[in-house]
Structure formats: C-alpha cells, structure tokens
Amino acid sequence: MVVTRFPPSPTGHLHLGGARTALFNYLFARHQGGKFILRFEDTDKERSKEEYVESIISALEWLGLKWDEGPYFQSKRFSLYQEYAQRLYEEGKAYYCECSKELLEARKKELQERGLKTRYDGTCRDKNLSPAPGRALRIKIPEISEIIFDDLLRGKIVFPPDEVDDFIILRSDGSPTYQFAVVVDDITMGITHVIRGDDHISNTPKQLVIYRALGVDPPLFAHIPMVLGPDGNRLSKRHGARSILEYKEEGYLPQAIINYLARLGWGYGDQEYFTMEELIEKFDLQKVNLAPARFDPEKLLAFNGYWIRTIPTEELLPHLKPFLTNYPFQKYSEDYLIKILESIKPRVKTLKEMAEMMDFYFFEELSYEKELLEKYIPPKIKEVLKRLFQDLNIFNFEDEKSLELQFRELAEKEGIKLRDLAQALRIALTGKPISPPLFEVMKCLGRERVKARIERVIKLREEVE
RNA sequence: GCCCCCAUCGUCUAGUGGACUAGGAUACUGGCCUCUCACGCCAGAGACACGGGUUCGAAUCCCGUUGGGGGCGCCA
C-alpha cells in the first residue's frame, strides 16, 4: 500500500508552499487508495512552538486535508532514534566526535576562504571515541563512490563521490538531527513515497547513506518544484509565506486555495477548475511540472470569485457567517440570507467583500455621503421620488419583474431615464452607487423598508440643500 | 566558490518528432448584454531564452551558452 506523509516543522505557520506539498501528498495517497500521515518534525527545541502545531493543524483541517495517521511528534520518539543510532555505532558505521562547535566553525571558515569544500575533515574518525556527554555521533561515510537515485519525476540524479561528508546524526545532547530522524521515521512509518520540495534534492544523498548503513531499501522520491513569490524570489512574508489561515480570514474559500494550489505546477489538459474529488481522481505525479512556479495572487483571487459563485449558496453561507459578526444577521432567516447571497455572489471575489456589500440589508438607518446624494439625486429626481412615494403603496413587490415594469412606466411618465431614477433609488436603498440589481434589492427589502429609506433620503437631501 | 535542479504568452499551464497558423486560464484592451457593478458572451494583443547538432521534419531528442531556483549547519 502507498503511504505518504507531510512533515512540517512547527517553527512557523502553514504557508502556500507547505500547503501545496501537503496537498500533493494527500492527493497521491488518496488517488492510490493509500495512507497519508501527519508528522511534526520538532527536534529543534529552540524554534518549535506549540502554537504553530495548532495553527498548522487547523489550517490543514480547514483545507480539508485529512490525515489517516498521526500527528506524530519526533520529540516523543527520541528513544527510537537512539536505538537506531546505537546500532550504527556498534556496527562501526558511526563514530563519536569531540570537536567543538567553535572549532568546526573556525575550520569551515578557513576552508571557505580558501575556496574549498566545507566538509568535516575526519579528525575524530579513527579515534574510536566512546559515547560521552558533549560528543556528537557522526555517520561514517563508506568508501568513495558516487551516489545515484531515481527521482520519480526527474529520472536519474547523480552526485559526485565527495559530496557527502561524515555528518552528524545525533547531537551532543543526544537529540537526532533532521537527516537522521527523517530516515528513521520514514522507515518505521512504512513510507513508500516521499513527495517533497526540490530544495530537498541535495539532502537526499545524505539520507540514502543512512538507509544504506541501516540496510533498508529507501522509499521512492518525487521532488516537486518549489513555489516562488510573484517576483520570482523565494516566497516571503509579503505574499505567499503568509499563513493559510490569513487567507481564511481575508475571505478565501478552501476550495479556491486547493484548486489554485493544485494548478500550480500541475495540469490536466485544458481544465482549470477542479473539486477535491476530481483532483483525487485525476491527480498524477507524472504530470507535475519541473520548473518552479510563481505564486500569482490575482489568479488566486479570480479562482476564489469563481468558487464563490459556483458552490451552492447553502454551502457558501457557513463560510460567510464569520464575516457577518458585526451585523445583526441572527434576526434574519436562513432563507432570507440565501436569497440575498444569490444576488451578491457574482459580484465579489472574497467573502469579506461579500459581507461589505451586504451591509444595507441589515441596517435600516444608512449613512449617506453628501457627494453621492448631490450627484445621484438632483432636485428634479428628488421631486420624482416624492411623487413616487404614494405609488409605492400600490406597487406589487412580489417579484422583481413586475417591479421593474412599474418603475419603467413611472420613468416614462415622468420623462426621465430609468437609469437616472434607478441610480437615485439605489443610493436611497443601499447607500451606494453600486449594488445588486435594484429590483431584486427592493423585493428582498420589502415595501415598508423601501418606503422608509426613500422617505428618509428625501429628508436628508433637503437638509443638504 | 562547489554541487544539484529547471527553462512555452506578464503569470499558471496544454503540448511527449509531423494534427502548431503553438491551445486554455488569469491579467490587460475593445465590443455585446444592461437599472449600477459584476457575471456571462464575442473579439484583440501577447510565448517555444540563445547557439549548435540529430532528423525528410523539431516547442518536443542531444550538447553548449545564458538565465532562474535550490543546497553546501550539532536548522528543518
């Protein structure tokens, strides 16, 4: 059975790059009917934080990337790593090293200055040191030969013989380093496919050395291209390195983020829009592009707009509710909310915008900008509004079609353009020059609320004069 | 500096030797629809990085150049 994993280190929030790696692992596992594991790589005690564990978990849950096992924590598995390390030590495949950090640092600096490779010089390699506090355990790289592996996406990748040095697998405090913990975990968790960013390509030879020393066949590797910022540089805080949860707060739909992320570096013919179900069905690692992909916030926004107007309104409503907390929306029925959402859906790109556009449905006393009143309600139109006021009692508010007809007739009778009348009414009813279709708005508000707003706006308009 | 990966419109991509006058999406421009704004529809502009090969024939295969990305920790 296929087993994949997503191994974030809880030293930051889940960002777009990490989310995409998680997504690809998830999709691959689901497509193959396999298992997807969540594992926190928190061997760095200094930088790992519980709050990041929580935020990563809630981001994954929000995106709908459900894991089948875990979360595991490397910090709780130290005895396992020590066990494996002990084995390597006893078999002579690893040795203890007493070189101090300062000494190593100095040697490295010197090598750099001379333009040479910064590798460990093997000072302690043959000292036969026994374990002792303050000593780190290094793996003993066997005889020099090149290291080759078959990447699922790129084919053979070859590293020259002297690329890997005797690196540390157990720190002097006994904790495992990343390279070692990953391998032990992937072995013990039965990982079959390692799908990760291509920034890990150069780590792979080190890990292969560990697999070999442990006498275990390595999993299959697929290195997917990284996600770059819009400027082609590494993802930074300004754009995509923001937490996924920030996108949630700004009014993005998980469907949109998943869809966008899937299309970043992967394609399925000319199809652009995919539900999670379709992705699971159609995802194929072989179709992943090899070139790094730039994150384009505008396209993500466009996808968000698409999914807002595409998913059923009943499904949209729960996503929107958190953005309505400043409105007394509890007073209104679910049916009413769904009705007004329908008309706003095609006009917005985020849930936040949606909430902003809906405000007039919830408040009776709108505030009107003086400029808008003057621009859209000139004296002539104001008089029309006054005369219209009586008609409102007999107009049929049952459906927008008949409302429209009634107002068309009225405009004709008054000798003004429907357009001008409509804009004045729009200001009166919504407080804005841009809104959902006017007659839909009227129908939703109902006769009494429409009357009250027109009456009030006439009064305010006269105060301005 | 050394090592590794990569290269189609601004961006994301389709394309796996002939179906390419290089398709779609997004963004942009013009038009249609229209009570505003959107949505939708139609149209336009916009790319095979460069140079050598291989081949009857290259966006597609090979080599080089250039460009971009990544790695070289007792970080992950």
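By convention in this document, chain letters (A, B, ...) are assigned in the order of the sequence lines, proteins followed by strands, and residues within each chain are numbered from 1.
At whole-Å resolution of the value, CG in A:D166 and P in B:C74 are 12 Å apart. Between A:L152 atom CG and B:C5 atom P the separation is 16 Å, expressed in whole Å. Atom CZ in A:R20 sits about 8 Å away from atom P in B:U13, given to the nearest Å. Distance A:L341 CG to B:C39 P: 18 Å, rounded to the nearest Å. Following rounding to the nearest Å, A:K109 (NZ) and B:G73 (C1') show an atom-to-atom distance of 16 Å. The separation between A:D121 atom CG and B:C74 atom P is 13 Å, rounded to whole Å. Between the P atom of B:A76 and the CD atom of A:Q74 lies a distance of 8 Å, rounded to the nearest Å.
Rounded to the nearest Å, the gap between the P atom of B:A19 and that of B:C35 is 48 Å.
Salt bridge A:R39/A:D186: present, at least one basic N to carboxylate O contact under 4.0 Å. Under a 4.0 Å N-O distance rule, the pair A:E110/A:R107 does not qualify as a salt bridge. Checked for salt-bridge contact, A:R347 and A:E353 miss the test: no charged N lies under 4.0 Å from a carboxylate O.
Nucleotide B:G73 has no partner under the Watson-Crick or G-U criteria, as no pair reaches both atom distances under 3.5 Å. Pairing for B:C9 is absent, with no Watson-Crick or G-U wobble pair whose two atom distances lie under 3.5 Å. Figure legend. B:U21 is base-paired to no nucleotide; pairs are counted as Watson-Crick or G-U wobble with both atom distances under 3.5 Å. B:C50: Watson-Crick or G-U partner is B:G64, with both key distances under 3.5 Å. Pairing of B:C41, defined by two Watson-Crick or G-U wobble distances under 3.5 Å, is identified with B:G31.
A:R426 and A:Q423 are linked by a side-chain donor-acceptor pair at a separation below 3.5 angstrom, with hydrogens and angles left out of the test.
Which of B:U11, B:A76, B:C39 sits closest to the side chain of A:R309 comes down to B:C39. If you check B:C35, B:A76, B:G23 against the side chain of A:D44, the one that comes closest is B:A76. Picking from B:A76, B:G73, B:C2 the nucleotide with the shortest atom distance to the side chain of A:S9 gives B:A76.
Side chain A:K101 to base B:C74: no donor-acceptor pair is found below 3.5 Å. Evaluation of atom-type donor-acceptor distances gives a pair under 3.5 Å for the side chain of A:R347 against the base of B:C37. Between the side chain of A:R426 and the base of B:C35 there is at least one donor-acceptor pair of N/O atoms closer than 3.5 Å.
Smallest separation of non-hydrogen atoms from A:K443 and A:D399: CD-CA, 3.9 Å.
Contact between the side-chain N/O atoms of A:T118 and the OP1/OP2 oxygens of B:G73 is found at a separation under 4.0 Å. The phosphate of B:C39 (OP1 or OP2) has no side-chain N or O of A:K345 nearer than 4.0 angstrom. In this structure, A:R47 does not reach the B:A76 phosphate: none of its side-chain N or O atoms is under 4.0 Å from OP1 or OP2. For B:A76, neither phosphate oxygen OP1 nor OP2 lies less than 4.0 angstrom from any side-chain nitrogen or oxygen of A:Y52. Taking only side-chain nitrogens and oxygens, A:N203 never comes nearer than 4.0 Å to OP1 or OP2 of B:C72. Checking the phosphate oxygens (OP1, OP2) of B:A76, a side-chain nitrogen or oxygen of A:T43 falls inside 4.0 Å. One finds no side-chain N or O of A:K287 lying less than 4.0 angstrom from the OP1 or OP2 phosphate oxygen of B:U13.
The stretch residues 431-446 of chain A touches RNA chain B through A:P433, A:I434, A:S435, A:P436, A:P437, A:L438, A:F439, each having a heavy atom under 4.0 angstrom from the strand.
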For nucleotides 60-70 of chain B, 5' to 3', base contacts (B), sugar-phosphate-only contacts (S) and non-contacts (-) with protein non-hydrogen atoms under 4.0 Å give ---------SS
